[in-house]
Amino acid sequence: MFRSHTCGELRGEHVGQEVTLCGWVDSSRDHGGAVFIDLRDRYGKTQVVAGPESGADVVEQVGRLRGEDVVKFVGTVAFRPEGTRNPKLATGAIEVRVIRVELLNKCKTPPFTPGQADLPGEDLRLKHRYLDLRRESMQRTLLLRSRIIKSMRDYFEEHGFIDVETPILGRSTPEGARDYLVPSRIHHGKMYALPQSPQLYKQILMVAGYDRYVQVARCFRDEDLRADRQPEFTQLDMEMSFVDADDVIGMIDGLVVKLAKEILELEVKLPLPRMTYDEAMRRFGHDAPDLRFGMELIDCTDLAAEAEFRVFRAAAEAGQVVRGIRAPGGAARYSRKGIDELTEFVQQDFGAKGLAWFRVEEDGKLWSPISKNFADSLLARFGQRLEAQPGDLLLLVADTWEVSCKALAALRKRLGAELKLYDPRQMHFSWVVEFPMFDFDHEEQRWVAMHHPFTAPRRQDLAMLGTDPGKCRAQAYDLVINGSEAGGGTVRIHDQQIQQQVFGLLGIDQEAARERFGFLLDALQLGAPPHGGIALGIDRMVMLFGGLDNIRDCIAFPKTQRATDMMTGAPGTVDRRQLDELGIKTVGP
RNA sequence: GGGGCCGUAGCUCAAUUGGUUAGAGUACCGGACUGUCGAUCCGGUGGUUGCGGGUUCGAGUCCCGUCGGCCUCGCCA
């Protein structure tokens, strides 16, 4: 060991001891006769001083040190002189008076330093990730991540789960996300696929009798990225046998309580609130609503039908909906220009035809450029319906159900943040349950699985599989934290007949089903217990628990939005030879 | 695939309506200084304004293309 202590360790009790510290030069202050160095490692910072008692040689050597040099100091711990203690530093009561210094590795002038006030551009941070990871906030986040994963593993261990690793090289399955493919050298033209999730394997493990399985699993999806999406990400994946949805939810409820307590020192009351998918869409327009504030969507279609205003009446008569939200205090916050921006927002991003708005005046009356198209009494009823208060801004969308959901949910999210309707540090955990089994794909004119093709319908909805698949609800559940989907799971079909029926609805014929996942169908017929599980997005949970707004900050070595690694340059070209071995010819770019 | 924002010194940013030799802070280099902790003071180095083309008497600024980063719709559970 080079060092006797870390840079975050020394206190008054160590005064008088000779210690050895190693670390990086965080900053230096050279006074000629005395040089101060803040030495940093991941545990903290300690001030090191070279003064006259250190000797002129040492003072000179220490004076030559620059930011990010790697140094070893031998010295004596001493109280700082009265009045020079630094309350901003945990080690601020003491300093280390240098006896010897050894430069372990000189650092070139770095492109940026971990301590600098202005955060450098993200491209630069990603290119020199080793420098970025030296920053305190990155170290805090990676530590948080480590603690969350440790808590999760402990929890499942305590509950009798067994950790089983599943393959990374697997087989491409249809449906779901685009696969990352790995060409086979031995079988030219054939490909492995990296797992989108260990879904199929964990079902197989249930059939095999490992009735409580858990894994911290890396997953891959070759889709476009977002602030909260990476091409490779980590799930806490689990599955249980002889359970229904309530059992899985209950198990995760317990985990949430434990995490909240251990990580956030927060008492969470059980059971976590649950809401059906239909209710979530009706009240919030979204399947993962942020329940830290209200501002619910209010249906006004019946009132709209009575209006002179053609946009409203036409929508109502065409079977569309007119729904709105009330932005408390929004009249002052949003000028005409601001409202124009909101309008453009819902039009460009969510395909809304427009955004109708009313300001609530001092006397409670609604004013808008379009208000002349409404009878006074009708305006009053709109006001009542939306529970308008003076100073509010009312925003309404007349459109299809889907567009009204998307546009208003996005508005609600944006306005909630801009109007500061909640404390961003507050945490809210809830469940959304009973998702539809199927979504109708209008382009392809067919039903697609909302979750995946192995999701079990609710028992009471079984009959509707044949008659009205759109109304059929699944035994599916999402864990929602602060308006983000933190995880989702389902009870799976363990009955071969129902599975065939679902495949049929999805347009997967028997032959195709056999070809793609015959192994699972076989397994389901060879003693499959009823089973269900869930997968939690660990990166996202770190993001939420850490109050971060960017998933890259939760991952040590993340990819850019275009799925490249700026540090290594991946993806990169390979030798002609390597391609030849794989039997691959490239056509571009 | 679509929409938007951004790219100026190593870094963070500025540069009036298109107008003189592109500036500041910091970092770096040299000098001074024994109690600093964003040290201070003096001096200095540092620029293909991402790249390519165009408009113009004149482009960091306007236009087109391209590369890169970010946000977002589609996509994705």
Side-chain angles (χ1 to χ4, degrees), chain A residues 26-38 45-54 59 63-64 66-68 78 80-89 91-92 95 97 107-113 115-128 131 175-179 196-197 199 219-231 233 235 287-288 341 344-352 406-407 410 414 432 435 439 443 448-452 455 476-479 484-490 534-537 540 549-550 552 559-562 564 566:
Chain A
D26 194 66
S27 60
S28 61
R29 296 168 291 284
D30 187 345
H31 288 239
V35 183
F36 301 87
I37 299 282
D38 285 347
K45 286 188 227 172
T46 299
Q47 174 165 284
V48 171
V49 197
E53 70 275 28
S54 305
V59 171
R64 276 203 306 268
R66 292 294 176 268
E68 302 312 304
R80 296 192 188 189
E82 209 58 49
T84 67
R85 299 189 176 171
N86 186 350
K88 285 189 263 182
L89 232 52
T91 60
E95 62 192 7
R97 307 244 162 100
C107 182
K108 292 201 333 189
T109 301
F112 64 94
T113 55
Q116 76 184 53
D118 299 304
L119 199 60
E122 195 170 359
D123 42 357
L124 202 71
R125 290 174 53 206
L126 291 173
K127 181 169 182 193
H128 303 283
L131 296 179
E175 311 262 340
R178 190 178 297 117
D179 285 317
Q196 297 175 25
S197 76
Q199 176 60 38
C219 307
F220 306 85
R221 289 175 192 168
D222 189 3
E223 296 291 348
D224 286 349
L225 273 34
R226 288 287 186 284
D228 61 353
R229 283 191 342 220
Q230 279 277 299
F233 59 100
Q235 286 187 343
D287 63 359
E341 278 173 23
E344 203 176 318
F345 173 60
V346 293
Q347 285 176 328
Q348 288 206 334
D349 281 359
F350 304 98
K406 281 186 180 177
R414 177 168 169 172
V432 171
F435 281 73
D439 224 3
E443 262 180 42
V448 293
M450 187 117 170
H451 199 95
H452 57 66
T455 304
Y477 31 85
D478 276 5
L479 177 64
S484 283
E485 179 202 329
T490 61
I534 192 168
L536 305 178
R540 261 186 212 177
D549 54 12
N550 176 332
R552 293 180 298 279
K559 303 281 191 290
T560 66
Q561 196 181 39
R562 296 187 61 240
T564 62
M566 296 206 76

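Note on naming: letters A, B, ... go to the chains in the order of the sequence lines (proteins, then strands), and numbering restarts at 1 for each one.
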Side-chain donor/acceptor of [X] to base of [N], under 3.5 Å:
X: A/E95; N: B/rG35; result: yes
X: A/R221; N: B/rC76; result: no
X: A/D224; N: B/rG74; result: yes
X: A/Q116; N: B/rU12; result: no
X: A/R80; N: B/rC37; result: yes
X: A/N86; N: B/rC37; result: yes
X: A/R229; N: B/rC75; result: yes

Counting only side-chain heavy atoms from C-beta out, which of [options] sits nearest to [X]?
X: A/T109; options: B/rG35, B/rC28, B/rG69; answer: B/rC28
X: A/R29; options: B/rA39, B/rU72, B/rC29; answer: B/rA39
X: A/L126; options: B/rC70, B/rG35, B/rC11; answer: B/rC70
X: A/E223; options: B/rG2, B/rC76, B/rA27; answer: B/rC76
X: A/L124; options: B/rA39, B/rC71, B/rC11; answer: B/rC11
X: A/R226; options: B/rG38, B/rC76, B/rU72; answer: B/rU72
X: A/Q348; options: B/rG3, B/rC71, B/rG69; answer: B/rG3
X: A/T84; options: B/rU72, B/rC29, B/rG35; answer: B/rG35
X: A/D287; options: B/rA77, B/rG35, B/rC29; answer: B/rA77

Paired with [N] by Watson-Crick or G-U wobble geometry, both distances under 3.5 Å: which nucleotide is it?
N: B/rG25; result: B/rC11
N: B/rG46; result: none
N: B/rG35; result: none

For [X], report the nucleic acid contact type (base, sugar-phosphate, nothing); a contact means any heavy atom under 4.0 Å.
X: A/R414; result: nothing
X: A/K406; result: sugar-phosphate
X: A/L225; result: nothing

Could you tell me whether [X] and [Y] have a side-chain N and a carboxylate O separated by less than 4.0 Å?
X: A/E68; Y: A/R66; value: no
X: A/R552; Y: A/E122; value: yes
X: A/D26; Y: A/K45; value: yes

Spacing of [X] atom [atom1] relative to [N] atom [atom2], expressed in whole Å:
X: A/D179; N: B/rC76; atom1: CG; atom2: P; value: 12 Å
X: A/D549; N: B/rU72; atom1: CG; atom2: C1'; value: 14 Å
X: A/F233; N: B/rC76; atom1: CZ; atom2: P; value: 13 Å

Mind checking whether A/F36 and A/V48 have side chains closer than 4.5 Å, heavy atoms only?
no

Does any part of the side chain of A/F345, heavy atoms only, come nearer than 4.5 Å to the side chain of A/F350, both counted from C-beta?
yes

Compare the ring of A/F112 with the six-membered ring in the base of B/rC11 and state whether they stack (centres under 5.5 Å, planes under 30°).
no

Between the base of B/rA77 and the ring of A/H451 - centre-to-centre under 5.5 Å, planes within under 30° - is that a stack?
no

Map A/A34 and A/T564 onto RNA chain B by nearest heavy atom, then report which one ends up closer to the 5' terminus.
A/A34

Under 6.0 Å from the six-membered ring centre of A/F112 and within 45° of its axis: does the NZ or CZ of A/R125 meet both?
no

If the [atom1] atom of [N] is compared with that of [M], how far apart are they to the nearest Å?
N: B/rG47; M: B/rA14; atom1: C1'; value: 15 Å
N: B/rC67; M: B/rG10; atom1: P; value: 25 Å
N: B/rG46; M: B/rA24; atom1: C1'; value: 14 Å

